[in-house]
Amino acid sequence: MRGFCSIWRIRQRRRSVMAEIELDVLRHSASHVMAEAVQKLFPEVKLGIGPAIENGFYYDFDLPRPLTPEDLAKIAELMRQSIRAKHPFIRQEVSREQARELFRDQPYKLELIEEMPEDEVITIYRHDDFVDLCRGPHVEHTGQLPEDAFALLSVAGAYWRGDEHRPMLQRIYGTIWHTKEELQAYLEQLKEIERRDHRRLGRELDLFSTHEEAGAGLIYWHPKGGRIRAIIEDFWRQRHFEGGYEILYTPHIGRSWLWETSGHLDFYREGMYSPMDIDGQDFYIKPMNCPFHILIYKSRRRSYRELPLRWAELGTVYRYERSGVLHGLLRVRGFTQDDAHIFCTPEQIEDEILGVLRFSLDLWKAFGFEDVQAYLATRPEKAVGEPARWEQATNSLRRALEIEGLSYEIDEGGGAFYGPKIDLKIKDALGREWQMTTIQFDFNLPERFDMVYVGADGREHRPYMVHRALLGSLERFFGVLIEHYAGAFPLWLAPVQARLIPIADRHVEYARQVQDQLRAAGLRVELDDSGERMNAKIRTAQMEKIPYMLVVGDREVANGTVSVRLRTNENLGAMPVKEFLARAQRLVEERNNTAL
RNA sequence: GCCGACGUAGCUCAAUCGGCAGAGCAGCGGUUUUGUAAACCGCCGGUUGUGGGUUCAAGUCCCUCCGUCGGCUCCA
C-alpha cells in the first residue's frame, strides 16, 4: 500500500511539474529529440522542419533510403537514451553569417535562413550534439520529456514546403503527452476512431461499397444505405419546401458552350472530365450545378417581384480527384450535393444570408450535430466584382454570423475569386471537425451569363447570387453521420428499426402478424425466422445495431405482447404491441436522436 | 499525381529458406425448437488484384498496370 502511494505521489509530482510545460513546447522539443536520433542513425540526413501539431509532432527528413518500422523502433530507443541523459536545451542568437556557416550542409535550413526578414533575430537551439534552426521555446532539458508517454506513429511522404515540385521528404509522425495515462488514452482514442471508420462500418452494416473493377471513388449505395439516404432526402426536401425553396432537376451533361460561358473550362478544367462527343459537339459531365440553374433563371424574363428565388437540387456532380486523395465516402469522384442557389436583390441579401445560416443550423441540429464553428472567408488578392459589392456581401455574412451569435474566425483573403463565403465546420461525437456547409457569394456567374431582373424602376438590374450546400454532399454527410453515431443510427434514420425474434418455430406465425401490424403503421421491421437459437438472433441484431429487438415466445403469443430489448442492452420487458408501437412512433415523429 | 506500405475465399487472417494454398466467421444442407450477445454435424468456396519476367519450381524474387491504406496537396 505504501509502495502504491509513493508511486502515486511521484506521478502526482511529475504531473504538476509537467502541467506547467505547455504541450506544444513538449511536442516541439520531442521533435528535436527525434531529429537528433535520426541524425545519429543517418549522419547524412538533411533536415526539413519539425513542428508541434494537434495531438503530437512531426519532423521531415531527406534520407538516403526509406524508413522502416524497425528504424522507428531504433529511433524511439535513441530518443529514450537522450531523455535519460537530460541534455539541456541551449538557446543561442546567431548572426546570419554564423547561421549560414552552421547549416552549410543543410540546404533546407539554408533556404529558411535566406527567406527570413533582414531584421529578424535568428535563434538556434542545441541539445547534446544536435543543433537546429528554431524559434523555440523548448523544455529546459531533454529529461523533462516523459520517456513513457511518447510514441512514433507513422512515416509518410511530404513535399518540402508542401510544394509538389519540390523534393519529397520522409515525415515521421509522433505523439507525446505529459503522462503515460494520457498517451494511452490518446492511443485508445485512435482505436475508437478506427472502430468507427465509416469504411469498415459501411461494409459491416452493408451500407455501401466501392468497386475497383468499376472505378475508384464511385459509391454504390446498398439497400440499407439507400434507405437511410432516402430518409435523409425526404426530410431534406420537406425542410426545403417549408423554408421557401423550390426543387429543380437538371441534366448531368452540358455542351461546351455552357462551360465556356460559366468560365469552368478556364478556371476549373483540371477538376473536369474529358468531354464526350455527341453528334460532333463536346459535352461535359457536370462538376457543378450552378450553370444549369442559371439557365432556368434565364428561361424567361424575371421581375423583382418574384425575387428572392431559392432553388435547390440534389445534384449529382463528377469531379476529377487525384487518385491518392480518394477516401471512402469522404473524398470521392462522383457525389450528390445538396445544392441551392438563391437569386435576390441587393436589399434582400442580408435577410437571405441570415435565413440560410439559420436553416443550416436547424438542419444540423436535426441530425444531432449541435457544435458548429464558422469561418468567414474574405476577398482574395485576385478577384472579380466591384469592391463595394464585396464589402456589402462580406458585411451581410458577418452580420448574419453575429445575429446568430455564432463564434467565427476570419479567413482573410480565403474567399473564392468570385465572392466571399461562410464555411461551417461541424463537430462529431469524437470532437473532430468536418467542413460541410458552404455559403458562397458569386459575383462572377451573373455577369458571365448576363443575368438580369426588371426592377420597380422598369430597368434591368443584376441579381445577387448565392451558392449554398448545407450537408455538403450526401456521400460525405453519410460518412460523417456513420462515424458520429458509430453506425448506431437514431431511430428515425435506422434502416431497420426493429427485428422480431421468435424463440421457436411455433412463434413465427405470431411474429409475422406483429411484423405486418408494425409495418402497416410505418415501422421498418424485419423478422428473423432463421433456424438459429434466440441468443444467436439477438447477437446478430446487436451487431447490426438494430434499435429494437422484439422477442416473442409462448408468453408473448398468449398475451399479445412483445418483449422489447434495446441495442443498448437494456431490456424493457414485455409490453402490448400497441404500447411498443406508440413509443417507437413518438420517437420517430420527434426525430429523437438519443432515446430509444 | 507524388512518397511509403499493402493486395491470399464474401470478411478477418495463416502458409518456415522459392517446394502439394489453409483456418475461423459468413453462405448452403441437415439435426436441434431453444427466454435476452455465437447449438451441433456436414458441404461449398481460390487462375493468391492484373499483365509480363527470372526459375526445374513463384502466394513468396523482379518489372508494369489497377486498387487499398497512411501522408503531401486540394476540396463537398
Side-chain angles (χ1 to χ4, degrees), chain A residues 58 60 62-63 65-69 153-173 194 197 199-200 203-204 206 209-217 268 270-271 287-289 315-317 319-339 416 423-424 434-438 440 467-477 479-480 501-508 530-544 549-556 563-567 569-574:
Chain A
Y58 68 79
D60 289 343
D62 197 340
L63 294 167
R65 65 163 176 84
L67 289 166
T68 63
L153 300 174
S154 61
V155 183
Y159 299 109
W160 169 238
R161 316 201 84 174
D163 182 344
E164 61 184 333
H165 303 297
R166 309 297 301 272
M168 178 155 291
L169 311 179
Q170 294 187 67
R171 174 172 298 179
I172 304 179
Y173 282 96
E194 208 179 311
D197 192 311
R199 293 165 297 187
R200 174 202 188 107
R203 189 181 54 242
E204 288 174 0
D206 199 10
S209 59
T210 58
H211 297 270
E212 172 182 343
E213 319 85 297
Y268 199 74
E270 71 287 355
M288 296 188 193
N289 304 299
T316 303
V317 298
R319 299 181 185 174
Y320 173 72
E321 296 286 355
R322 294 159 162 227
S323 58
V325 305
L326 300 175
H327 182 93
L329 293 172
L330 300 180
R331 194 65 184 276
V332 295
R333 284 179 171 160
F335 56 97
T336 301
Q337 293 182 298
D338 70 319
D339 207 359
D423 285 335
L424 298 184
W434 304 91
Q435 208 247 284
M436 312 294 279
T437 301
T438 182
Q440 303 189 331
H467 308 251
R468 46 115 283 198
L470 303 185
L471 304 177
S473 80
L474 291 177
E475 285 75 9
R476 177 177 289 183
F477 174 65
V480 172
I501 298 179
I503 289 174
D505 288 348
R506 64 178 179 279
H507 309 123
V508 168
S530 69
E532 292 294 340
R533 289 171 59 219
M534 178 205 61
N535 280 297
K537 293 179 183 178
I538 286 175
R539 179 167 187 273
T540 305
Q542 280 292 150
M543 292 199 304
E544 291 176 37
M549 282 149 272
L550 308 176
V551 178
V552 296
D554 290 335
R555 293 200 290 274
E556 287 75 14
S563 185
V564 182
R565 180 197 162 99
L566 310 181
R567 68 178 168 209
N569 283 332
E570 197 181 342
N571 193 342
L572 301 184

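Worth knowing before you read on, the calculation uses all heavy atoms, side chains too, and leaves out hydrogens, waters and symmetry mates. Throughout, protein chains are lettered first and strands after them, A, B, ... in sequence-line order, and every chain is numbered starting at 1.
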Is A/Asp197 salt-bridged to A/Arg199, going by a charged N under 4.0 Å from an acidic O? yes

Rounded to whole Å, how long is the line connecting atom [atom1] of [X] with atom [atom2] of [N]?
X: A/His211; N: B/C66; atom1: NE2; atom2: C1'; answer: 16 Å
X: A/Glu164; N: B/C74; atom1: CD; atom2: C1'; answer: 10 Å
X: A/Glu475; N: B/C75; atom1: CD; atom2: C1'; answer: 14 Å
X: A/Glu321; N: B/C75; atom1: CD; atom2: C1'; answer: 6 Å
X: A/Ile172; N: B/C72; atom1: CD1; atom2: P; answer: 15 Å
X: A/Arg200; N: B/U68; atom1: CZ; atom2: C1'; answer: 16 Å
X: A/Arg333; N: B/C74; atom1: CZ; atom2: C1'; answer: 13 Å
X: A/Arg539; N: B/A38; atom1: CZ; atom2: P; answer: 7 Å

Provide the distance between the two [atom1] atoms, one in [N] and one in [M], to the nearest whole Å.
N: B/C56; M: B/G18; atom1: C1'; value: 12 Å
N: B/U60; M: B/U54; atom1: P; value: 15 Å
N: B/G51; M: B/G7; atom1: C1'; value: 16 Å
N: B/U34; M: B/G27; atom1: P; value: 23 Å
N: B/U36; M: B/G24; atom1: C1'; value: 26 Å
N: B/C11; M: B/A26; atom1: C1'; value: 7 Å
N: B/C20; M: B/A58; atom1: P; value: 11 Å
N: B/C43; M: B/A9; atom1: C1'; value: 15 Å

Look up atom [atom1] in [X] and atom [atom2] in [Y], then write down how far apart they are to the nearest 0.5 Å.
X: A/Arg331; Y: A/Glu475; atom1: CZ; atom2: CD; result: 13.5 Å
X: A/Arg322; Y: A/Glu164; atom1: CZ; atom2: CD; result: 4.0 Å
X: A/Arg468; Y: A/Gln440; atom1: CZ; atom2: CD; result: 12.0 Å
X: A/Ile172; Y: A/Asp60; atom1: CD1; atom2: CG; result: 9.5 Å

Note, [X] side chain near [Y] side chain (heavy atom, < 4.5 Å):
X: A/Trp434; Y: A/Arg476; result: no
X: A/Ser473; Y: A/Leu329; result: no
X: A/His507; Y: A/Asp554; result: yes
X: A/Lys537; Y: A/Met549; result: no

Fill in the dot-bracket string of RNA chain B, one character per base: . for unpaired, | for a pair to another strand, ( ) or [ ] for pairs within the strand, taking Watson-Crick or G-U pairs under 3.5 Å. (((((((..((((.....[..)))).(((((.......))))).....(.(((..]....))).))))))))....

Paired with A/Phe335, the side chain to side chain contact (heavy atoms under 4.5 Å, CB included) test is passed by just one of A/Val317, A/Thr316, A/Leu474, namely A/Val317

Residues which pass salt bridge (charged side-chain N to carboxylate O under 4.0 Å, His left out) with A/Asp423, listed by chain and number, not counting sequence neighbours: A/Lys421

With a 6.0 Å cut-off (strictly less than), is the heavy-atom count around CD of A/Glu270, excluding the residue itself, greater than 12? yes

Just by distance, do the side chain of A/Glu532 and the backbone of A/Ile538 share a donor-acceptor pair under 3.5 Å?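 Side chain of A/Glu532 to backbone of A/Ile538, a donor-acceptor pair under 3.5 Å: no, none is there.
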
Is [X] touching bases, backbone alone, or none of the nucleic acid, heavy atoms closer than 4.0 Å?
X: A/Tyr320; answer: sugar-phosphate
X: A/Met436; answer: sugar-phosphate
X: A/Asn569; answer: base

Heteroatom pairs (N/O) under 3.5 angstrom, protein to nucleotides 69-71 of chain B:
unit_1 : atom_1 : unit_2   : atom_2 : d
B/C69  : OP1    : A/Arg199 : NH1    : 2.8
B/G70  : OP1    : A/Arg199 : NH2    : 3.0
B/G70  : OP2    : A/Arg199 : NH1    : 3.4
B/G70  : OP2    : A/His327 : ND1    : 3.4
B/G70  : N2     : A/Gly157 : N      : 3.4
B/G71  : O3'    : A/Tyr173 : OH     : 3.1
B/G71  : O2'    : A/Gly157 : O      : 3.3
B/G71  : O6     : A/Gly324 : O      : 3.4
B/G71  : N3     : A/Gly157 : O      : 3.2

Contacts of A/Phe477 that satisfy ring pair (Phe, Tyr, Trp, His ring centres under 6.0 Å) - sequence neighbours left out: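 Partners of A/Phe477 under the ring pair (Phe, Tyr, Trp, His ring centres under 6.0 Å) test: A/Trp364, A/Phe367.
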
For B/A76, take OP1 and OP2 only and decide whether either is under 4.0 Å from a side-chain N or O of A/Thr438. no

Side-chain N or O of A/Arg476 versus OP1/OP2 of B/C75: is the shortest distance under 4.0 Å? no

How does protein reach along nucleotides 27-35 of chain B, written 5' to 3' as B (base within reach of a heavy atom under 4.0 Å), S (only sugar-phosphate), or - (no contact)? ------BBB

Between A/Ser473 and A/Pro66, who's closer to the 5' end of RNA chain B by nearest nucleotide? A/Pro66

Return the 5'-most residue of the pair A/Gln435, A/Leu67 with respect to RNA chain B, ranking by each residue's nearest nucleotide.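 Nearest-nucleotide comparison on RNA chain B picks A/Leu67.
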
Starting from the C-alpha separation in whole Å, work towards a yes-or-no answer on side chain to side chain contact (heavy atoms under 4.5 Å, CB included) for A/His165 and A/Tyr159. CA-CA 8 Å; A/His165 303 297; A/Tyr159 299 109; over 6 Å; no

What are the atom names and distances for every N/O pair under 3.5 Å that joins the protein to nucleotides 6-12 of chain B?
unit_1 : atom_1 : unit_2   : atom_2 : d
B/U12  : OP1    : A/Arg203 : NH2    : 3.3

Is there a side chain to side chain contact (heavy atoms under 4.5 Å, CB included) between A/Val564 and A/Leu550? Walk through the geometry before answering. CA-CA 5 Å; A/Val564 182; A/Leu550 308 176; 3.8 Å; yes

